[in-house]
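Note that the numbering runs from 1 along the sequence shown for the chain.
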Amino acid sequence: MPTIKVLRLPAPSTAPTSDRSRLLTPRRVAIVGAAWIVTFAVLVLALPAEGWPARVLVNGVYLIPIVISEALIIRTARKVPSPRRRFWILMAIAGPLTLAGEVVVSWHHLVIGDEPPLPGLPDVFFISYYVVLLAALVFGLRPARQLQSWRAALDASIVAAVVAFVSYDLLISPQLSSGVTSTQLVGLAYPTMDVAMLVALISLALASFGHIPWSLRLVALGIVTATMGDDALTYLSIHSVNVEVGWLKIAWTTTSVLYGAAAWQACLEPAEVRQQSGRGRGAGLALVAAGVALTVCTVVADLIIEGGLHLEAAILVLYVFAAVLVRLWVTAREREAVSRELADSLRLQQRMANTDELTNLANRRRADATLAELARCAGPDRPLGVLVVDLDHFKEVNDRHGHPAGDAVLIDVAGRLRGAIRPGDLVARYGGEEFVVVVDDVTPAALRGLAERCRAAVGDEPFSVRGAASVIVTASVGGAALPGDATDLGTLLRIADRALYTAKALGRNRAHVGARTAPEAGDDLLERGSVPNFLQALADRIDTDSGSAAHTAEAARLAGEVADRLGVGAVGRWRAVAAARFHDIGKVAVPREVLGKRGPLTPDEWRLIHDHPERGAQILELTSDLRDVAPVIRQHHEHYDGRGYPDGRTGEGILLEARIVAVCDAWAAMRADRSYRRALTEPQSLAELHRCAGSQFDPHVVRAFTAVVRAPAADRAAA
Ligand code: GH3
Ligand code: MG
Ligand code: MG
């Protein structure tokens, strides 16, 4: 019995784990049920049809599975959750009716030794049983809700029409021909109820697309088995064939076993049946095909046997023909709808796969694909540009205003970048707060212009977010072009990234495009932005108060040239220049009288002066653009031999930029008139630097400085 195997479903996690349930596994229940059916069948076949052993078997033993299955059904009706409970309650009501009918029949056979009257009390019980069973199928399983699909309803109607017709033709019509008596009415009731139940089953099966739980499949199998027994009995009685009831009882006892197994299984199934769309459609088609084939057979049989089509067959043919046509139309429309849905969902998925959820910009995947495609066509005639835009100190925006505000800024930045690019360029969100602009066919000048536009779009206008009226967010932009700066896509991205790093290191809120880090890359920072402007004004004021106007401007100019001579790169150069310009900012805390004092300083006054590197560093740490310059300022009074302040660092332990500033600071001081002495000449100053090289100054820096000072002005300009 292969269907019994289906009971080997995995038990849901809610299944009880008592000893009893471990003993009665679905497999064991299946084996016991199958063994019972086989034993019953063997005994029916082995025992002589007459005599008490056979009578006890088919009337007494036969009742046992009915009683057990009823007990199991009642248990299930109490245990299963509500959507399925109604069905099992109706099944539990139906059970005693069939049991009562069977008991009356057995009473007649065993005690009275006679057949029950026809129609009689057992028929009342059996027909009531069928009515309740039908109600269980129709109302307990809510077919109306499941019959939502036109196709399923049509399939069901075609198959039901054929089943009804065959039943009518074979079982009902012959009984009607000889007038309707009460006996015949009862005879008609059985096949009619069978047809109704089969139709209900077919409708349910076709409407549920294969989502039928195994418990219901077992019930359906039980109903089909019982129906086969009933209809065989009706058919044989119509044709006056004397049939051994024991044989038929094999079918009916199978039904009882199947009901019991179904009830057992129902308790193991999860409350909600998982939907598996698309399954079971083939079964509907197969049933319809079988229905059509059966209709054709009926027509052919009618034509051969009766020489023409009788009315019922003609109606069936017309109906099946029309329904199949409608079915084809419905299927075609369903297919169309499904392909439309598929196409829509594919489009949506493609869009989602290429779009950043937060900003609605293209995402990294799309940017990479576009870059790869354009890189293939890029050449001297059609350079490909890429800009990497990274928001500055964005973590602080989140920390200060919260993540949602940060998100709102990101959305706004996306809109601004979209507005800044040319039509046809692609802007994508590449990572958290990093954007990429892909620019096809762009000249270096246009790429630089675009980079600056992107920077300005973000940094020049504060953002307004909920709860914080105005948030200043700036962006650094790095850019590169293929083939101008790179030979392949990987290098292009690396160079754009390095350019971004340069822009960041140069103080942020700036754009830097190209592989070459131009020596003057950082200079303009000192001319832009309110904070650097303010600090420069302050530095100039301190210079004036100290009696050496333009001291720091001169030191900054020299620091740039020495940094170039030492080849420290754009970032180091910028730091050296900025540090030289602002190295005395800490003197803002020193009273003007002390700064401009002619005579020797008191120890307290010296202490004030010695504090200025630290104070200067503290001031620059408060800015966002010049924060990286702070450590250089702190160290610009350290001595190469460790005798400087504030930390007593030595040699390479002092930042190179600070060693450069130290030399340039000293030179600018020596070369200017001071309140307490006249300016030294160039040779005197150089001699002093060389005297202190290795003690106060880095000899390497002093050598570079000497080369700078001695180089003719034209060479310096060229450098
Ligand atoms: P830098 O100027 O060096 O780029 O500083 P930064 O703070 O921007 O750089 P870092 O890479 O350290 O931090 C990036 C921050 O961006 C971290 C995270 O808080 C923020 N961020 C990344 N993705 C999102 C996002 O989807 N929403 C929000 N609100 N913040 C994000
Ligand atoms: Mg950032
Ligand atoms: Mg970043």
**Q** Looking only at atom types and distance, does a side-chain atom of T491 sit under 3.5 Å from a main-chain N or O of T487, one as donor and one as acceptor?
**A** no
**Q** Does the side chain of D665 reach to within under 4.5 Å of the side chain of H551, using non-hydrogen atoms?
**A** yes
**Q** Assess the residue pair D425 and R422 against the criterion (salt bridge (charged side-chain N to carboxylate O under 4.0 Å, His left out)); give the C-alpha distance rounded to whole Å, side-chain angles, the decisive distance to 0.1 Å, and a yes or no.
**A** CA-CA 6 Å; D425 295 342; R422 312 174 309 180; 2.9 Å; yes
**Q** Please evaluate residues I542 and V590 with respect to the criterion side chain to side chain contact (heavy atoms under 4.5 Å, CB included), reporting the C-alpha separation (whole Å), side-chain torsions for both, the decisive distance (0.1 Å), and the verdict.
**A** CA-CA 9 Å; I542 292 164; V590 181; over 6 Å; no
**Q** Going from CZ on R671 to CG on L680, what distance comes out if it is rounded to the nearest 0.5 angstrom?
**A** 8.0 Å
**Q** May I ask you to check whether H637 and H583 place their ring centres under 6.0 Å from each other?
**A**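 H583 vs H637: aromatic centres not under 6.0 Å.
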**Q** Got V663 and V702 here, is their nearest side-chain heavy-atom distance under 4.5 Å?
**A** yes
**Q** Please report the interatomic distance NE2(H401) to CG(D407), rounded to the nearest 0.5 Å.
**A** 13.5 Å
**Q** Might you point out which heavy atoms bring N398 and G406 nearest each other, and give the distance in Å?
**A** OD1-CA, 3.4 Å
**Q** Do V386 and L493 make a side-chain contact, defined as non-hydrogen atoms from C-beta onward lying under 4.5 Å apart?
**A**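 Yes, at least one pair of side-chain atoms sits under 4.5 Å.
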**Q** Going by the rule ring-ring contact (aromatic ring centres under 6.0 Å, His included), which residues pair with F705 if we only count those two or more places apart in sequence or in a different chain?
**A**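 Here the qualifying residues are W667.
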**Q** Any donor and acceptor pair, going by atom type alone, linking the side chain of E638 with main-chain N or O of G648 inside 3.5 Å?
**A**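 Confirmed, E638 side chain pairs with G648 backbone.
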**Q** Mind listing the closest non-hydrogen atom pair of V388 and A496 along with its distance?
**A** CG2-CB, 3.8 Å
**Q** Heavy-atom count check: over 12 atoms from other residues, nucleotides or ligands less than 6.0 Å from H393 NE2?
**A**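 Yes, the 6.0 Å shell around NE2 holds more than 12 heavy atoms from other groups.
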**Q** With rounding to the nearest 0.5 Å, note down the distance linking SG in C692 to OH in Y640.
**A** 14.5 Å
**Q** Hey, does the side chain of R659 reach the backbone of I654 with a donor-acceptor pair shorter than 3.5 angstrom?
**A**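 Answer holds: yes.
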**Q** In Å, rounded to the nearest 0.5 Å, how long is the span from CG of L384 to CG of L482?
**A**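 Going from the CG atom of L384 to the CG atom of L482 covers 5.5 Å.
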**Q** Please report the interatomic distance CZ(R455) to CZ(R508), rounded to the nearest 0.5 Å.
**A** 14.5 Å
**Q** Could you tell me whether D540 and R581 make a salt bridge, using a distance below 4.0 angstrom between a side-chain N and a carboxylate O?
**A**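 Salt bridge present between D540 and R581.
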**Q** Salt bridge or not between E561 and R565? Use side-chain N to carboxylate O under 4.0 Å.
**A** no
**Q** Would D545 and R592 count as a salt bridge (charged side-chain N to carboxylate O under 4.0 Å, His left out) here? Give the steps.
**A** CA-CA 6 Å; D545 289 348; R592 200 185 276 174; 3.4 Å; yes
**Q** On a heavy-atom basis, which atom in I609 and which in Y645 lie closest, and how many Å separate them?
**A**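 Between these two residues, the closest heavy atoms are O-OH, 4.5 Å.
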**Q** Does this structure show an ion pair linking D368 with R365, if we count only N-O contacts that are shorter than 4.0 Å?
**A** no
**Q** Between K587 and L608, is the side chain to side chain contact (heavy atoms under 4.5 Å, CB included) condition met? List the steps.
**A** CA-CA 8 Å; K587 288 184 181 169; L608 279 174; over 6 Å; no
**Q** Answer yes or no: is there an ion pair linking R333 with E336, defined by an N-O contact shorter than 4.0 Å?
**A**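 Here R333 does not pair with E336 in a salt bridge, since their nearest N and O are not under 4.0 Å apart.
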**Q** Does any non-hydrogen side-chain atom of T355 lie less than 4.5 Å from one of L361?
**A** no
**Q** Rounded to the nearest 0.5 Å, what separation is found between the CD atom of Q684 and the CD atom of E682?
**A** 11.0 Å
**Q** Would you say D647's side chain and R649's backbone share a donor-acceptor pair under 3.5 angstrom?
**A** no
**Q** Between H636 and H612, does a side chain to side chain contact (heavy atoms under 4.5 Å, CB included) hold up when you go through it step by step?
**A** CA-CA 10 Å; H636 81 278; H612 87 271; 3.5 Å; yes
**Q** Could you walk me through whether L410 and R429 satisfy the side chain to side chain contact (heavy atoms under 4.5 Å, CB included) test, starting with their C-alpha distance in whole Å, then the side-chain angles of each, then the deciding distance to 0.1 Å, before giving a yes or no?
**A** CA-CA 9 Å; L410 287 174; R429 185 171 174 217; 3.7 Å; yes
**Q** Quick one: does R416's side chain have a donor or acceptor within less than 3.5 Å of a partner on A457's backbone?
**A**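 Yes; judged by distance alone, with no hydrogens or angles, the pair exists.
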**Q** Are side-chain heavy atoms of D390 and K504 found at a separation under 4.5 Å?
**A** yes
**Q** Less than 3.5 Å apart, any donor N or O on the side chain of T359 or D356 sitting next to an acceptor on the other?
**A** yes
**Q** Heavy atoms only: give me the nearest A367-L426 pair and the separation to one decimal.
**A** CA-CD2, 4.0 Å
**Q** Any side-chain heavy atom of Y430 sitting closer than 4.5 Å to one from V389?
**A**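 No. Closest side-chain heavy atoms not under 4.5 Å.
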**Q** Between R347 and D344, does any NZ, NE, NH1 or NH2 come within less than 4.0 Å of an OD or OE carboxylate oxygen?
**A**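 Counted as a salt bridge, because a side-chain N and a carboxylate O are separated by less than 4.0 Å.
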**Q** Please check this pair: side chain of N363 against backbone of A353, looking for a donor-acceptor N/O pair closer than 3.5 Å.
**A** yes
**Q** What do you reckon, is CD1 of I472 surrounded by more than 12 foreign heavy atoms closer than 6.0 Å?
**A** no
**Q** If you count every heavy atom of other residues, nucleotides or ligands that lies below 6.0 Å from R615 atom CZ, does the total exceed 12?
**A** no
**Q** Please find the pair of heavy atoms, one from A555 and one from C664, that lie closest to each other, and give the distance.
**A** O-CB, 3.7 Å
**Q** Might you work through the side chain to side chain donor-acceptor pair (under 3.5 Å) test for H690 and T706, ending with a clear yes or no?
**A** CA-CA 9 Å; H690 282 277; T706 310; 3.0 Å; yes
**Q** Answer yes if the side chains of T552 and D584 hold a donor-acceptor pair under 3.5 Å, and no otherwise.
**A** no
**Q** Restricting to non-hydrogen atoms, name the atom on G642 and the atom on T650 that form the minimum distance, rounded to 0.1 Å.
**A**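 Heavy atoms only, the tightest pair is CA-CG2, 3.2 Å.
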**Q** Give a yes or no answer on whether the side chain of D412 reaches the backbone of A408 with a donor-acceptor pair at less than 3.5 Å.
**A** no
**Q** Check whether any side-chain heavy atom of S464 sits under 4.5 Å from a side-chain heavy atom of V471, and report yes or no.
**A** no
**Q** Are R627 and E621 ion-paired here, with the side-chain N under 4.0 Å from a carboxylate O?
**A** no
**Q** With a 4.5 Å heavy-atom cut-off, do V413 and L391 have their side chains touching?
**A** yes
